Amino acid sequence: ITQLYGPLNWFGNHYRVIQKNFVDMEKMLDLFKEPIEVKDPTEPTPLDVKGGEVVFDNVSFAYDPRRPVLENISFKAEAGSTIALVGPSGSGKSTVLRLLFRFYDVQEGSIRIDGVDIRDLKQKDLRHMIGVVPQDTVLFNDTIKYNVMYGRPDATDEEVLAASESAQIHDRILTFPDAYETKVGERGLRLSGGEKQRVAIARTLLKNPSIILLDEATSALDTRAEAALQTSLLSKSRTTIVIAHRLSTIVNADQILVIKDGRCVERGTHESLMRMRDNGVYFDMWMKQLKDEMGLGGLARMESVG
Ligand code: ATP
C-alpha cells in the first residue's frame, strides 16, 4: 500500500499545480477529452452577452476524416429554452457539446451564439458564457468552499452559500466536520457520486452562465432528488442543453433531438415524439427503458407516459 502512495502523491501534487494554471477547469473534464488547439481570431467579435440563443446550422464533424461523427446537424435553442439530446451510446451527443465549447472546429456548417459564429469569439469569452456540469466531477483536494468557488473565484460567501442551497448541498455541507472549510477530494472527505454532482451544480450556478451544458449531470441522484434539482437548474434565464439517458428527466424539454449515427432522426416535444408510436426511435427508447427499469409491469404504465 505505501508503495502506491508515492506515485499517487506525486500525481496529486502535479495535478494540483496543473489545475491552478487552468483558466477554465472544464478543459479537464471527462466530457472534453483530448482537446485540440483552436485559434483565437485576429479580430475577435467583442463579447455581448444576450440571451444565449444557440444555433447549429448544418454542422458536420469527424474526429478522423474517414469516419463522420456528426452529419448535417441543425437546431435552434431559443434563449432560455431547454434542448435535450438523446440517442444510443456513441451516436454523437457529447460531440455536439464539445463543438459548442469549441474544443474542435466544425468541418462544415457553423455554430452561432446570439447570432455570432463561435469562431469569431475569443475562447475565453466563449467559455465564460458556458457552464458545464459533467458526468464525473473532478474535485480539488481543497475545501468544499474552494470547490464551489471555482465557478467564480471572486464570489462572496453569501453567493457561495446561495449557490449551494440551490444545488441542495448546503445542509449536507453543514454536517461535515468543518462545514465549508472541510477538505474534500482524494486526500480529504470523500463525497458520494450524488454529492459531487451537487457540488458541480453549485459551482455552475455560481458561475451564472447564459448557457448550461448538462451531460447526465444528475445521474447519480435518485429520481426524486433529481426532479427537485432540475427545477432549480432549468431556469428561464439561461439556455440549457442536456444529454439524458434517463428519459424521464427530459419530458419537459422544449425540444428533444434524437441523434442516431450522427444524424438527427427525430425532433419535437416529448408528446409529439411519443405520438409516433411504433414508428418512432424515441418511442422505442421509452419502451426499452420502461422494460429495463420495471420489467413487464412498466409496460402497463406506458399509457400514462404517452
Ligand atoms: P455516450 O452516450 O456513450 O456518451 P455519445 O452519443 O455522447 O455517447 P460521442 O462521445 O459524441 O457519443 O462519440 C461519438 C463517436 O465519436 C463515437 O463513435 C466515438 O467513438 C467517437 N469519438 C468520440 N471522441 C473521440 C475522439 N476524441 N477521437 C476519435 N473519436 C472519438
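Since the structure is predicted, the reported quantities are computational estimates derived from the model, not experimental observations. Counting starts at 1 for both ligands and their atoms, following the listed order.
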- Please check if atom CZ in Arg172 has more than 12 non-hydrogen atoms from other residues, nucleotides or ligands closer than 6.0 Å. no

- Query: Going by the order shown, which atoms of ligand 1 are within less than 4.0 Å of some heavy atom of Gly92?
  - Reply: 5 (P), 6 (O), 9 (P), 11 (O), 12 (O), 14 (C)

- Heavy-atom contacts with Gly90 under 4.0 Å: which atoms of ligand 1 show up? List them by number with element. 1 (P), 3 (O), 5 (P), 6 (O), 8 (O), 12 (O), 14 (C), 15 (C), 17 (C), 18 (O)

- Contact atoms of ligand 1, heavy-atom distance to Arg98 under 4.0 Å: 10 (O), 23 (C), 24 (N)

- Message: Check the orientation of Trp286 and His270. Use parallel for under 30°, tilted for 30 to 60°, and perpendicular for over 60°.
- Response: perpendicular

- Spell out, as yes or no, whether a donor-acceptor pair under 3.5 Å connects the side chain of Ser74 to the backbone of Asn58. yes

- Could Arg66 and Asp64 be called an ion pair, given the rule that one side-chain N must be under 4.0 Å from one carboxylate O? yes

- Please verify whether a non-hydrogen atom of Gly87 lies at under 4.0 Å from ligand 1. no

- Query: If you measure from each non-hydrogen atom of Thr95 to ligand 1, which part falls under 4.0 Å: side chain, backbone, both or neither?
  - Reply: both

- Task: Could you tell me if any non-hydrogen atom of Phe61 lies under 4.0 Å from any atom of ligand 1?
- Result: no

- Item | Interfacing atoms of ligand 1 (cut-off 4.0 Å, heavy-atom, Tyr104) | 27 (N)

- Message: Quick check on Asp64 - does any of its heavy atoms sit under 4.0 Å from an atom of ligand 1?
- Response: no

- Out of Ser94, Pro88, Gly262, Ala244, whose heavy atom is nearest to atom 10 (O) of ligand 1? Ser94

- With Arg127 as the cation and Phe103 as the aromatic partner, state whether NZ or CZ is under 6.0 Å from the six-membered ring centre and within 45° of the axis. yes

- Message: Treating Lys183 as the side-chain partner and Asp178 as the backbone partner, does any N or O pair qualify as donor plus acceptor under 3.5 Å?
- Response: no

- Task: Heavy-atom distances under 4.0 Å are what count here, so tell me which part of Arg67 touches ligand 1: side chain, backbone, both or neither.
- Result: side chain

- Arg267: partners by side chain to side chain donor-acceptor pair (under 3.5 Å), with sequence neighbours left out: none

- Message: Which of the numbered atoms in ligand 1 are under 4.0 angstrom from any heavy atom belonging to Val69?
- Response: 14 (C), 15 (C), 16 (O)

- Query: Is Lys288 salt-bridged to Asp284, going by a charged N under 4.0 Å from an acidic O?
  - Reply: no

